[in-house]
Amino acid sequence: MLEFLSQPWPWYTSGIVIALVMLILLFFGKSFGFSSNLRTICSACGAGKTVKFFDFDWRSQTWNLLFLVGAIVGGFIASEFLSNGEAVQISQATIQDLSALGISAPDGMQPEEIFSMENAFSLKGFLILLLGGFAVGFGARYAGGCTSGHAISGISNLQLPSLIAVIGFFIGGLFTTWVLMPLIF
Amino acid sequence: MRGLKFIIAGILFGIVMSKSEAISWFRIQEMFRFQSFHMYGIIGTAVVLGIIITYVIKKYKLRDFQDNPITFTPKEMSVPRYLIGGIIFGLGWALTGACPGPMFVNIGFQYWSILIAVVGAIAGTYLYGAIKDRLPH
(Lines give C-alpha, C1' and ligand atoms only; values in the text may rest on other atoms or scores of the structure.)
Protein backbone atom coordinates (compact mmCIF):
# COMPACT_ATOMS: atom_id res chain seq x y z
CA MET A 1 0.00 0.00 0.00
CA LEU A 2 2.71 2.46 1.05
CA GLU A 3 4.69 1.53 -2.03
CA PHE A 4 1.64 2.21 -4.15
CA LEU A 5 1.10 5.60 -2.47
CA SER A 6 4.77 6.48 -2.90
CA GLN A 7 4.40 6.73 -6.67
CA PRO A 8 3.34 10.10 -8.09
CA TRP A 9 -0.45 10.43 -7.99
CA PRO A 10 -2.40 11.09 -11.19
CA TRP A 11 -3.78 14.58 -11.78
CA TYR A 12 -7.42 13.70 -11.16
CA THR A 13 -6.70 12.59 -7.57
CA SER A 14 -5.40 16.08 -6.93
CA GLY A 15 -8.37 17.80 -8.60
CA ILE A 16 -10.81 15.69 -6.60
CA VAL A 17 -9.06 16.32 -3.26
CA ILE A 18 -8.78 20.08 -3.92
CA ALA A 19 -12.54 20.22 -4.55
CA LEU A 20 -13.04 18.11 -1.41
CA VAL A 21 -10.92 20.53 0.64
CA MET A 22 -13.07 23.39 -0.66
CA LEU A 23 -16.22 21.48 0.34
CA ILE A 24 -14.83 20.70 3.83
CA LEU A 25 -14.04 24.38 4.43
CA LEU A 26 -17.50 25.46 3.23
CA PHE A 27 -19.11 22.87 5.50
CA PHE A 28 -17.18 24.33 8.44
CA GLY A 29 -18.43 27.81 7.56
CA LYS A 30 -15.21 29.04 5.90
CA SER A 31 -13.98 29.52 2.36
CA PHE A 32 -10.95 28.24 0.49
CA GLY A 33 -8.41 31.01 -0.12
CA PHE A 34 -4.80 30.59 0.86
CA SER A 35 -3.21 33.98 0.22
CA SER A 36 -5.34 35.70 2.89
CA ASN A 37 -2.90 34.09 5.30
CA LEU A 38 -0.17 36.44 4.09
CA ARG A 39 -2.30 39.41 5.15
CA THR A 40 -3.07 37.71 8.44
CA ILE A 41 0.66 37.13 9.07
CA CYS A 42 1.39 40.83 8.42
CA SER A 43 -1.35 41.77 10.86
CA ALA A 44 -0.21 39.27 13.50
CA CYS A 45 3.28 40.78 13.25
CA GLY A 46 1.89 44.18 14.16
CA ALA A 47 1.57 45.77 10.69
CA GLY A 48 -1.84 47.11 11.75
CA LYS A 49 -0.12 49.79 13.82
CA THR A 50 1.31 51.46 10.75
CA VAL A 51 -0.99 50.38 7.90
CA LYS A 52 -4.78 50.44 8.16
CA PHE A 53 -5.20 47.51 5.76
CA PHE A 54 -3.70 45.23 8.41
CA ASP A 55 -5.70 46.67 11.29
CA PHE A 56 -8.31 43.94 11.73
CA ASP A 57 -9.01 41.12 14.15
CA TRP A 58 -6.51 38.66 12.72
CA ARG A 59 -7.39 36.09 15.37
CA SER A 60 -10.67 35.52 13.50
CA GLN A 61 -8.47 34.03 10.75
CA THR A 62 -6.72 31.55 13.03
CA TRP A 63 -8.57 28.70 11.30
CA ASN A 64 -6.79 29.57 8.03
CA LEU A 65 -3.40 29.74 9.75
CA LEU A 66 -4.11 26.25 11.09
CA PHE A 67 -4.86 25.17 7.52
CA LEU A 68 -1.47 26.65 6.55
CA VAL A 69 0.25 24.70 9.34
CA GLY A 70 -1.52 21.58 8.09
CA ALA A 71 -0.26 22.24 4.55
CA ILE A 72 3.32 22.36 5.84
CA VAL A 73 2.78 19.13 7.81
CA GLY A 74 1.24 17.55 4.70
CA GLY A 75 4.33 18.44 2.66
CA PHE A 76 6.50 16.91 5.39
CA ILE A 77 4.48 13.68 5.49
CA ALA A 78 4.63 13.43 1.69
CA SER A 79 8.40 13.91 1.58
CA GLU A 80 9.24 11.70 4.56
CA PHE A 81 6.79 8.81 4.27
CA LEU A 82 5.14 8.87 0.86
CA SER A 83 8.02 9.63 -1.45
CA ASN A 84 10.29 7.34 -3.39
CA GLY A 85 12.51 10.26 -4.28
CA GLU A 86 11.71 9.97 -7.96
CA ALA A 87 12.26 12.95 -10.24
CA VAL A 88 9.22 14.83 -11.52
CA GLN A 89 8.01 13.20 -14.73
CA ILE A 90 7.74 16.25 -16.94
CA SER A 91 7.48 16.08 -20.70
CA GLN A 92 10.52 15.69 -22.91
CA ALA A 93 9.69 18.98 -24.67
CA THR A 94 9.90 20.88 -21.36
CA ILE A 95 13.18 19.18 -20.46
CA GLN A 96 14.61 20.30 -23.81
CA ASP A 97 13.31 23.88 -23.51
CA LEU A 98 14.73 24.19 -20.01
CA SER A 99 18.08 22.68 -20.90
CA ALA A 100 18.42 25.35 -23.61
CA LEU A 101 18.12 27.85 -20.73
CA GLY A 102 20.74 25.97 -18.74
CA ILE A 103 18.37 24.24 -16.33
CA SER A 104 19.07 20.53 -16.02
CA ALA A 105 16.45 17.79 -16.12
CA PRO A 106 14.55 17.13 -12.86
CA ASP A 107 16.40 15.26 -10.16
CA GLY A 108 13.74 15.83 -7.52
CA MET A 109 10.80 18.20 -7.16
CA GLN A 110 12.65 21.48 -7.78
CA PRO A 111 15.48 22.63 -10.06
CA GLU A 112 18.93 22.68 -8.48
CA GLU A 113 19.76 25.83 -10.46
CA ILE A 114 17.34 27.87 -8.31
CA PHE A 115 16.56 25.90 -5.16
CA SER A 116 19.85 24.35 -4.03
CA MET A 117 21.18 26.25 -1.01
CA GLU A 118 24.26 27.30 -2.95
CA ASN A 119 22.25 28.74 -5.85
CA ALA A 120 19.47 30.19 -3.70
CA PHE A 121 22.07 32.32 -1.96
CA SER A 122 23.82 33.42 -5.12
CA LEU A 123 22.71 36.89 -6.17
CA LYS A 124 20.70 35.57 -9.12
CA GLY A 125 18.96 32.73 -7.29
CA PHE A 126 18.22 34.92 -4.28
CA LEU A 127 16.65 37.67 -6.41
CA ILE A 128 14.59 35.16 -8.43
CA LEU A 129 13.04 33.72 -5.27
CA LEU A 130 12.70 37.02 -3.43
CA LEU A 131 11.28 39.10 -6.30
CA GLY A 132 9.15 36.20 -7.55
CA GLY A 133 7.70 35.76 -4.08
CA PHE A 134 7.25 39.52 -3.77
CA ALA A 135 5.21 39.64 -7.00
CA VAL A 136 3.11 36.68 -5.85
CA GLY A 137 2.30 38.37 -2.53
CA PHE A 138 1.69 41.83 -3.98
CA GLY A 139 -0.32 40.54 -6.94
CA ALA A 140 -2.43 38.13 -4.90
CA ARG A 141 -3.58 40.87 -2.54
CA TYR A 142 -4.07 43.39 -5.34
CA ALA A 143 -6.20 40.88 -7.25
CA GLY A 144 -7.96 39.87 -4.03
CA GLY A 145 -6.97 36.21 -4.19
CA CYS A 146 -4.62 33.59 -5.58
CA THR A 147 -5.05 30.28 -7.33
CA SER A 148 -7.27 28.87 -4.57
CA GLY A 149 -9.42 31.95 -4.01
CA HIS A 150 -9.90 32.90 -7.67
CA ALA A 151 -9.15 29.91 -9.92
CA ILE A 152 -10.91 27.40 -7.67
CA SER A 153 -13.39 29.10 -5.30
CA GLY A 154 -14.20 32.10 -7.51
CA ILE A 155 -14.63 30.30 -10.82
CA SER A 156 -16.64 27.56 -9.05
CA ASN A 157 -19.03 30.36 -8.10
CA LEU A 158 -18.96 31.61 -11.71
CA GLN A 159 -17.47 34.97 -10.75
CA LEU A 160 -16.38 37.07 -13.73
CA PRO A 161 -13.77 38.95 -11.61
CA SER A 162 -12.11 35.61 -10.85
CA LEU A 163 -11.99 34.74 -14.54
CA ILE A 164 -10.34 38.11 -15.25
CA ALA A 165 -7.83 37.44 -12.46
CA VAL A 166 -7.00 33.99 -13.85
CA ILE A 167 -6.52 35.47 -17.33
CA GLY A 168 -4.13 37.92 -15.66
CA PHE A 169 -2.29 35.03 -13.94
CA PHE A 170 -1.69 33.52 -17.35
CA ILE A 171 -0.65 36.75 -19.07
CA GLY A 172 1.93 37.28 -16.33
CA GLY A 173 3.05 33.66 -16.27
CA LEU A 174 3.44 33.49 -20.05
CA PHE A 175 5.40 36.75 -20.08
CA THR A 176 7.84 35.45 -17.46
CA THR A 177 8.17 32.09 -19.19
CA TRP A 178 8.65 33.28 -22.75
CA VAL A 179 10.14 36.77 -22.39
CA LEU A 180 11.84 37.14 -19.00
CA MET A 181 13.30 33.67 -18.52
CA PRO A 182 15.47 33.72 -21.66
CA LEU A 183 16.82 37.07 -20.41
CA ILE A 184 17.41 35.88 -16.85
CA PHE A 185 18.95 32.47 -17.56
CA MET B 1 -9.80 20.76 19.80
CA ARG B 2 -11.94 22.81 17.45
CA GLY B 3 -9.05 23.79 15.19
CA LEU B 4 -7.99 20.23 14.47
CA LYS B 5 -10.33 19.87 11.50
CA PHE B 6 -8.59 22.75 9.73
CA ILE B 7 -5.18 21.23 10.37
CA ILE B 8 -6.40 17.92 8.94
CA ALA B 9 -7.85 19.67 5.86
CA GLY B 10 -4.48 21.40 5.43
CA ILE B 11 -2.59 18.11 5.74
CA LEU B 12 -4.83 16.57 3.09
CA PHE B 13 -4.11 19.57 0.85
CA GLY B 14 -0.35 19.43 1.49
CA ILE B 15 -0.08 15.72 0.78
CA VAL B 16 -2.09 15.81 -2.43
CA MET B 17 -0.33 18.92 -3.77
CA SER B 18 3.00 17.16 -3.16
CA LYS B 19 2.02 13.78 -4.52
CA SER B 20 0.49 15.22 -7.68
CA GLU B 21 3.68 17.31 -8.13
CA ALA B 22 1.66 20.55 -8.21
CA ILE B 23 4.27 22.07 -5.89
CA SER B 24 6.99 21.52 -8.48
CA TRP B 25 8.56 24.44 -10.34
CA PHE B 26 8.98 22.06 -13.30
CA ARG B 27 5.24 21.37 -13.48
CA ILE B 28 4.45 25.10 -13.53
CA GLN B 29 6.96 25.63 -16.33
CA GLU B 30 5.42 22.74 -18.24
CA MET B 31 1.99 24.34 -17.79
CA PHE B 32 3.09 27.77 -19.06
CA ARG B 33 4.72 26.07 -22.04
CA PHE B 34 1.53 24.09 -22.82
CA GLN B 35 3.56 20.91 -22.94
CA SER B 36 1.46 18.70 -20.71
CA PHE B 37 -2.13 18.28 -19.65
CA HIS B 38 -1.13 17.57 -16.03
CA MET B 39 -1.72 20.95 -14.33
CA TYR B 40 -4.73 21.70 -16.52
CA GLY B 41 -6.14 18.33 -15.47
CA ILE B 42 -5.67 19.20 -11.78
CA ILE B 43 -7.19 22.68 -12.00
CA GLY B 44 -9.87 21.56 -14.48
CA THR B 45 -11.06 18.66 -12.32
CA ALA B 46 -11.14 20.87 -9.23
CA VAL B 47 -13.08 23.59 -11.07
CA VAL B 48 -15.65 21.25 -12.65
CA LEU B 49 -16.31 19.56 -9.29
CA GLY B 50 -16.25 22.96 -7.57
CA ILE B 51 -18.91 24.33 -9.93
CA ILE B 52 -21.12 21.30 -9.22
CA ILE B 53 -20.57 21.58 -5.44
CA THR B 54 -21.34 25.31 -5.42
CA TYR B 55 -24.42 24.82 -7.61
CA VAL B 56 -25.81 22.05 -5.40
CA ILE B 57 -25.17 24.04 -2.20
CA LYS B 58 -27.03 27.05 -3.62
CA LYS B 59 -29.89 25.09 -5.20
CA TYR B 60 -30.68 23.03 -2.11
CA LYS B 61 -29.77 25.86 0.29
CA LEU B 62 -27.45 23.52 2.19
CA ARG B 63 -26.28 24.48 5.65
CA ASP B 64 -22.96 24.17 7.41
CA PHE B 65 -22.20 22.05 10.49
CA GLN B 66 -23.67 24.70 12.79
CA ASP B 67 -26.85 24.84 10.73
CA ASN B 68 -26.00 28.28 9.31
CA PRO B 69 -26.71 28.76 5.62
CA ILE B 70 -23.62 28.45 3.44
CA THR B 71 -23.21 31.78 1.67
CA PHE B 72 -20.99 32.95 -1.16
CA THR B 73 -19.92 36.58 -1.27
CA PRO B 74 -19.92 37.88 -4.85
CA LYS B 75 -16.72 39.68 -5.82
CA GLU B 76 -16.99 43.37 -6.61
CA MET B 77 -16.74 44.00 -10.34
CA SER B 78 -13.65 45.72 -11.67
CA VAL B 79 -11.26 45.10 -14.52
CA PRO B 80 -7.98 46.89 -13.63
CA ARG B 81 -7.81 45.44 -10.15
CA TYR B 82 -8.11 41.82 -11.21
CA LEU B 83 -6.20 42.16 -14.45
CA ILE B 84 -3.19 44.14 -13.14
CA GLY B 85 -3.09 42.26 -9.84
CA GLY B 86 -3.43 38.98 -11.69
CA ILE B 87 -0.62 39.82 -14.13
CA ILE B 88 1.76 40.75 -11.30
CA PHE B 89 0.84 37.51 -9.51
CA GLY B 90 1.46 35.51 -12.69
CA LEU B 91 4.88 37.08 -13.24
CA GLY B 92 5.95 35.81 -9.85
CA TRP B 93 4.15 32.48 -10.08
CA ALA B 94 6.16 31.41 -13.15
CA LEU B 95 9.42 32.63 -11.60
CA THR B 96 9.14 30.85 -8.23
CA GLY B 97 7.03 27.99 -9.59
CA ALA B 98 4.81 28.29 -6.56
CA CYS B 99 1.63 30.12 -5.66
CA PRO B 100 1.03 30.82 -1.94
CA GLY B 101 -0.28 27.35 -0.97
CA PRO B 102 2.54 25.36 -2.58
CA MET B 103 5.12 27.78 -1.12
CA PHE B 104 4.23 26.56 2.34
CA VAL B 105 3.89 22.92 1.27
CA ASN B 106 7.46 23.22 -0.05
CA ILE B 107 8.65 24.24 3.42
CA GLY B 108 7.26 20.95 4.71
CA PHE B 109 8.92 19.19 1.79
CA GLN B 110 12.17 20.68 3.15
CA TYR B 111 13.05 22.87 0.21
CA TRP B 112 14.26 25.48 2.69
CA SER B 113 15.24 28.00 0.03
CA ILE B 114 11.53 28.58 -0.65
CA LEU B 115 11.56 30.57 2.63
CA ILE B 116 13.17 33.40 0.62
CA ALA B 117 10.05 33.44 -1.59
CA VAL B 118 7.79 33.34 1.48
CA VAL B 119 9.57 36.36 2.95
CA GLY B 120 9.16 38.07 -0.43
CA ALA B 121 5.45 37.23 -0.53
CA ILE B 122 4.87 38.65 2.96
CA ALA B 123 6.81 41.80 2.02
CA GLY B 124 4.80 42.10 -1.20
CA THR B 125 1.55 41.80 0.73
CA TYR B 126 2.76 44.48 3.13
CA LEU B 127 3.68 46.87 0.33
CA TYR B 128 0.27 46.37 -1.28
CA GLY B 129 -1.41 47.22 2.03
CA ALA B 130 0.74 50.32 2.38
CA ILE B 131 0.10 51.76 -1.09
CA LYS B 132 -3.30 50.30 -2.00
CA ASP B 133 -5.13 53.63 -1.92
CA ARG B 134 -2.85 54.94 -4.65
CA LEU B 135 -3.47 52.00 -7.00
CA PRO B 136 -6.30 51.75 -9.54
CA HIS B 137 -8.98 49.33 -8.31
Side-chain angles (χ1 to χ4, degrees), chain A residues 9 11-12 14-15 17-19 21 23-24 29 34-35 38 42 51 53 63 66-67 70-76 78-79 88 90-91 93-94 106 109-110 115 120 129-130 132-143 146-147 155-157 159 161 164-165 168-169 171-173 176-177, chain B residues 3 6-7 9-11 13-16 18-21 24-26 30 32 35-36 38 41-42 45-47 49-51 53-54 64 70 72 75 82-83 85-96 99-101 104-105 107-109 111 113 116-117 120-121 124-126 128-130:
Chain A
W9 299 359
W11 51 265
Y12 48 84
S14 190
V17 173
I18 291 169
V21 165
L23 177 62
I24 291 171
F34 202 99
S35 65
L38 297 168
C42 286
V51 179
F53 182 65
W63 69 269
L66 292 174
F67 183 84
I72 297 175
V73 175
F76 179 79
S79 76
V88 181
I90 52 168
S91 74
T94 311
M109 197 68 92
Q110 308 292 9
F115 285 83
L129 289 167
L130 189 73
F134 190 88
V136 166
F138 186 93
R141 214 61 280 125
Y142 194 170
C146 59
T147 328
I155 292 190
S156 291
N157 191 26
Q159 295 288 301
I164 299 172
F169 296 170
I171 295 173
T176 291
T177 302
Chain B
F6 298 115
I7 297 181
I11 291 176
F13 175 76
I15 290 178
V16 83
S18 303
K19 291 309 300 174
S20 63
E21 301 171 340
S24 166
W25 184 93
F26 289 110
E30 194 182 46
F32 283 128
Q35 286 163 337
S36 166
H38 189 85
I42 292 176
T45 312
V47 167
L49 292 174
I51 289 173
I53 289 168
T54 309
D64 68 15
I70 297 177
F72 299 90
K75 299 193 187 292
Y82 300 108
L83 196 60
I87 290 172
I88 296 172
F89 177 90
L91 290 170
W93 186 14
L95 211 50
T96 59
C99 43
F104 287 89
V105 179
I107 298 176
F109 217 93
Y111 279 103
S113 44
I116 301 169
T125 303
Y126 181 81
Y128 169 75

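Since this is a predicted model, take the numbers as computed values, not measurements. Chain naming here is simple, since letters A, B, ... match the order of the sequence lines and numbering starts at 1 in each.
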For G50(B) against A19(A), the heavy-atom pair lying closest together: N-CB, 4.4 Å
Interatomic distance, I15(B) atom CD1 to S14(A) atom OG [nearest 0.5 angstrom]: 12.0 Å
Results of ring pair (Phe, Tyr, Trp, His ring centres under 6.0 Å) for W9(A) - residues two or more places apart only: none
Chain A interface, residue from F26(B), F109(B), F104(B), F13(B) that has the most non-hydrogen pairs under 4.5 Å: F26(B)
Distance (rounded to the nearest 0.5 Å) between I171(A) CD1 and I88(B) CD1: 12.0 Å
Side-chain heavy atoms of L129(A) within contact of S113(B), under 4.5 Å: yes
Residue pair N157(A) / F72(B): nearest heavy atoms and the distance that separates them: ND2-CB, 3.5 Å
Top contributor to chain B contacts, counting heavy-atom pairs under 4.5 Å, from G29(A), S35(A), G132(A), A78(A): G132(A)
Part of I70(B) within contact of chain A (heavy atom distance under 4.5 Å): side chain
Heavy-atom closest contact (M109(A) atom, S18(B) atom, distance): CE-O, 3.4 Å
Leading residue by heavy atom contact count with chain B [cutoff under 4.5 Å; candidates S156(A), G15(A), A165(A), P106(A)]: S156(A)
CA sep, side-chain torsions, deciding dist, call: V51(A), Y126(B), side chain to side chain contact (heavy atoms under 4.5 Å, CB included): CA-CA 8 Å; V51(A) 179; Y126(B) 181 81; 3.5 Å; yes
Between G92(B), P100(B), A94(B), the one whose heavy-atom pairs under 4.5 Å with chain A are most numerous: P100(B)
Region of Y111(B) in contact with chain A, defined by heavy-atom distances below 4.5 Å: side chain
Spatial distance of atom OG1 (T177(A)) from atom CG (L95(B)) [nearest 0.5 Å]: 9.0 Å
When C42(A), A135(A), P161(A) are compared by non-hydrogen pairs under 4.5 Å with chain B, the top option: P161(A)
Geometric class of the Y128(B)/F53(A) ring pair [parallel <30°, tilted 30-60°, perpendicular >60°]: perpendicular
Contact winner vs chain A - S20(B), A46(B), G3(B), S36(B), heavy-atom pairs under 4.5 Å: A46(B)
Contact leader toward chain B among A143(A), A120(A), A140(A), where contacts are heavy-atom pairs under 4.5 Å: A143(A)
side-chain contact (heavy atoms from CB on, under 4.5 Å) partners of L66(A), counting only residues at least two apart: T62(A), F6(B), I7(B)
Region of L83(B) that comes under 4.5 Å of a non-hydrogen atom in chain A: both
Donor-acceptor under 3.5 Å (Q159(A) side chain, K75(B) main chain): yes
V21(A) portion near chain B, given a 4.5 angstrom heavy-atom threshold: side chain
Shortest non-hydrogen contact between V136(A) and W93(B), atoms and distance: CG2-N, 3.5 Å
Nearest-0.5 Å distance, CZ of residue F134(A) to OG1 of residue T96(B): 13.5 Å
Non-hydrogen side-chain atoms of T176(A) and F32(B) separated by less than 4.5 Å: no
Nearest-0.5 Å distance that lies between atom CD1 in I87(B) and atom OH in Y142(A): 10.0 Å
Shortest non-hydrogen contact from I90(A) toward E30(B): CA-OE2, 3.2 Å
Most contacts with chain B, counted as non-hydrogen pairs under 4.5 angstrom, among I24(A), L130(A), V73(A): L130(A)
S24(B) to V88(A) - nearest heavy-atom pair and separation: OG-CG2, 3.6 Å
